[in-house]
Amino acid sequence: MNDLMSLGSHRLIKRFTIELTRARQGDKIMDLAGGTGDLTEKLSPLVGSTGQIVLCDINESMLNVGRQRLHDKGIVGNVDYVIGDAESLPFPEDHFDAVTMAFGLRNVTDKDKALNSIRKVLKPGGRLVVLEFSHPVNPGIKTAYDAFSKLWPKVGEFITGDEESYQYLVESIRMHPRQQELADMMTDAGFRAVDYHNLLNGVVAIHQGSKA
């Protein structure tokens, strides 16, 4: 379903997200709402044995899936697993060099509260990189995309046996802030140098900003 919804490009998109973190040896990075650990898997070797990745998710079951998946791939030693709510993160101030959040922000109830919580735990100069489904900018593509997305619940049921989750996905994307609105929310939360990249004409967007 990830391949279908991203037109086969989600792996390249996640790789670009990783590059924007500017991760390097010794960094401490949180993969927030990291679920099955896709970004953690790529970040772990970048920070090395002197660094640390914290895979943080509010859902304990998802966190356990991520832990098992990463252990099966031999990724151990510099990854910690923490149950945590994005709106009230259980970490001290000025703790992380970067925070990633891939396809998780749209599920947060109070996004302003979450952005403030993330900024608090970042070190000065630390980077937030948010990857999320967004809104196509070309009207023609938007019309086609809206029609395509209406098929997701039935396709999801056929492929995974779960229609309800994909119906929620469609609705949550529709309710998610548009690109400039989210950029403004990040600025209001105290991030500087806020910018975003529209990918697939805005079907997916990556937002980034730094803690002043």
Side-chain angles (χ1 to χ4, degrees), residues 1-6 8-91 95-108 111 114-115 117-118 121-123 126-134 156 159-162 165-166 168-169 172-173 176 197 199 204-208:
M1 284 300 294
N2 282 340
D3 281 314
L4 178 63
M5 291 184 296
S6 67
S9 65
H10 73 97
R11 292 175 184 83
L12 291 174
I13 290 170
K14 288 176 180 176
R15 189 179 305 166
F16 182 37
T17 303
I18 296 295
E19 291 176 0
L20 291 175
T21 67
R22 301 177 187 170
R24 59 187 179 181
Q25 293 284 313
D27 277 356
K28 185 177 293 184
I29 299 177
M30 174 167 53
D31 181 10
L32 180 56
T36 56
D38 286 356
L39 297 190
T40 294
E41 179 183 350
K42 301 295 189 295
L43 287 165
S44 174
L46 294 178
V47 304
S49 59
T50 59
Q52 179 192 38
I53 305 298
V54 175
L55 177 53
C56 181
D57 201 290
I58 197 172
N59 187 313
E60 184 176 6
S61 296
M62 287 293 292
L63 201 61
N64 288 335
V65 170
R67 180 188 289 109
Q68 186 61 56
R69 177 176 173 273
L70 293 173
H71 281 189
D72 289 346
K73 289 178 174 287
I75 298 174
V76 295
N78 68 350
V79 178
D80 293 326
Y81 302 86
V82 176
I83 300 172
D85 184 346
E87 296 179 16
S88 183
L89 291 166
F91 304 101
H95 192 66
F96 292 102
D97 295 287
V99 173
T100 61
M101 196 171 191
F103 303 116
L105 185 59
R106 74 176 190 284
N107 299 318
V108 175
K111 294 176 179 58
L115 290 171
S117 181
I118 293 168
V121 303
L122 279 169
K123 296 177 182 178
R127 297 172 61 78
L128 169 62
V129 182
V130 177
L131 167 63
E132 189 55 87
F133 287 113
S134 197
I159 295 176
T160 70
D162 183 1
S165 292
Y166 290 95
Y168 165 76
L169 174 63
S172 66
I173 294 172
H176 187 66
H197 302 272
L199 306 176
V204 174
I206 302 176
H207 284 71
Q208 59 181 323

With sequence neighbours excluded, what pairs up with Gln68 under the side-chain hydrogen bond (donor to acceptor under 3.5 Å, both in side chains) test? Asp72
Looking only at heavy atoms, which two atoms of Ile13 and Ile206 are closest? And how far apart? O-CD1, 4.1 Å
Minimum heavy-atom separation for Gly104 to Glu132, with atom names? N-OE1, 3.2 Å
By the definition side chain to side chain contact (heavy atoms under 4.5 Å, CB included), identify the one residue from Leu55, Ile58, Val82 that meets it with Leu63. Leu55
Which residues pass the side-chain hydrogen bond (donor to acceptor under 3.5 Å, both in side chains) test with Thr40, sequence neighbours left out? Asp31
Just do the side-chain contact (heavy atoms from CB on, under 4.5 Å) check on Asn64 and Glu60 with the steps written out, would you? CA-CA 6 Å; Asn64 288 335; Glu60 184 176 6; 3.9 Å; yes
List the atom of Lys111, the atom of Leu105, and the distance in Å for their closest heavy-atom pair. CE-O, 3.3 Å
Which residues satisfy the ring-ring contact (aromatic ring centres under 6.0 Å, His included) test with His71, sequence neighbours excluded? none
4.5 Å side-chain heavy-atom contact, His95 and Met30: no
So, does Ser117 use its side chain to make a donor-acceptor pair with the main chain of Leu89 at under 3.5 Å? yes
Compare all side-chain heavy atoms of Leu169 with those of Arg106 and state whether any distance is below 4.5 angstrom. yes
Check the orientation of Phe96 and Phe91. Use parallel for under 30°, tilted for 30 to 60°, and perpendicular for over 60°. perpendicular
Distance col, row Leu39:CG vs Glu41:CD, nearest 0.5 angstrom, shows 9.5 Å
For Thr21, which residues count as a side-chain hydrogen bond (donor to acceptor under 3.5 Å, both in side chains) partner, sequence neighbours excluded? none
Kindly indicate whether the side chain of Asp38, heavy atoms from C-beta on, has any atom under 4.5 Å from the side chain of Lys42. no
What's the shortest heavy-atom distance between Gln25 and Gly48, and which atoms? OE1-CA, 3.6 Å
Is there side-chain contact between Thr36 and Met62, with at least one heavy-atom pair below 4.5 Å? yes
What's the shortest heavy-atom distance between Asp162 and Tyr166, and which atoms? O-CD1, 3.0 Å
Ser134 and Ile173 have their tightest heavy-atom pair at O-CG2, 3.7 Å
Return the CG to CD1 distance between Leu46 and Ile29, rounded to the nearest 0.5 Å. 7.5 Å
If only atom types and distance count, is the side chain of Asp57 paired as donor or acceptor with the main-chain N or O of Gly35 below 3.5 Å? yes
How many angstroms lie between CG in Asn107 and CE in Met101, if you round to the nearest 0.5 Å? 7.5 Å
Quick one: ring-ring contact (aromatic ring centres under 6.0 Å, His included) partners of Tyr168, sequence neighbours excluded? none
Filter on side chain to side chain donor-acceptor pair (under 3.5 Å), then keep only pairs touching residues 73-89, sequence neighbours left out; what's left? Ser44-Asn78, Gln52-Asp80
Side chains of Leu131 and Val204: does their closest heavy-atom pair fall under 4.5 Å? yes
Whether Asp97 and Lys28 form a salt bridge (side-chain N of Lys/Arg under 4.0 Å from carboxylate O of Asp/Glu) is what I want to check. no
Gap between atom CD of Gln208 and atom OG1 of Thr17 - 0.5 Å precision: 10.0 Å
